[in-house]
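Numbering of residues begins at 1 and proceeds along the displayed sequence.
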Amino acid sequence: MPPRRQSTVCSRVCSRRASYVRHRKERVAAAVAWAKANRDARAAISNQYKSQRRQLEKTNDGSVGVSSKDWVKLVRRYRHRCAYCGAGGAIHMEHVIPVSRGGRHAIGNVLPACEACNLSKQNCFVSEWKRREARRARLALAS
């Protein structure tokens, strides 16, 4: 039996990663050349992707976003109360991950919130907002 060769990589994944890094410039150059040579095909692929994306974002009634039926079910699930503080009264549609920071306007990203919670959260993530509110509460107790 011949002696085993000394390997320069620890695993198949590591080997593939090293190969990718080694040949990255050639792959990028080939992709750029293809895009320049095939502008029409590239535009068709882009349009197809955009069309598929719009289809995924549509709700059952054909509108993009949160359907009123789903919103009513969600508000009922929270018993017409704020998801954050439990207060009743006027309920706002609050985006857990703000749309301005990459969140989607979809039923999985909205919660019922009272006006005070929704307006104080602004465009923060929940963790940032909770930290800020805790800091405000500590400062209010200290003064």
> Out of Arg104, His95, His105, which one pairs with Val66 under the side chain to side chain contact (heavy atoms under 4.5 Å, CB included) rule?
Replying inline: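 The side chain to side chain contact (heavy atoms under 4.5 Å, CB included) with Val66 is passed solely by His105 among Arg104, His95, His105.
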
Provide the closest heavy-atom pair for [X] versus [Y] in the form atom of the first, atom of the second, distance.
X      : Y      : value
Leu74  : Leu111 : CD2-CA, 4.1 Å
Ser120 : Cys117 : OG-O, 3.2 Å
Ile91  : Cys82  : CD1-N, 3.9 Å
Arg42  : Ala35  : CD-CB, 3.6 Å

Do [X] and [Y] touch side chain to side chain, with heavy atoms closer than 4.5 Å?
X      : Y      : value
Cys85  : Cys114 : yes
Val126 : Tyr84  : yes
Gln122 : Arg132 : yes
Glu94  : Val110 : no

>> Is there a continuous path of hydrophobic side-chain contacts, each under 4.5 Å between heavy atoms, that joins Ile107 to Val99?
In response: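 No: no chain of side-chain contacts under 4.5 Å links Ile107 to Val99.
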
Got a sec: does the [atom1] of [X] have more than 12 other heavy atoms crowding it under 6.0 Å?
X      : atom1 : value
Arg101 : CZ    : yes
Arg27  : CZ    : yes
Glu115 : CD    : no

Using 0.5 Å steps for rounding, measure from the [atom1] atom of [X] to the [atom2] atom of [Y].
X      : Y      : atom1 : atom2 : result
Arg16  : Ser11  : CZ    : OG    : 9.5 Å
Asn109 : Met93  : CG    : CE    : 11.0 Å
Arg131 : Phe125 : CZ    : CZ    : 11.0 Å
Arg17  : Arg12  : CZ    : CZ    : 14.5 Å

>> Assess whether a salt bridge exists between Arg136 and Glu133, defined as any Lys/Arg side-chain N lying under 4.0 Å from an Asp/Glu carboxylate O.
In response: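 So Arg136 pairs with Glu133 through a salt bridge.
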
> Between Lys73 (side chain) and Ser68 (backbone), is there a donor-acceptor pair under 3.5 Å?
Replying inline: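 Absent.
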
> Looking only at atom types and distance, does a side-chain atom of Asn123 sit under 3.5 Å from a main-chain N or O of Pro98, one as donor and one as acceptor?
Replying inline: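 Such a contact is absent between Asn123 side chain and Pro98 backbone.
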
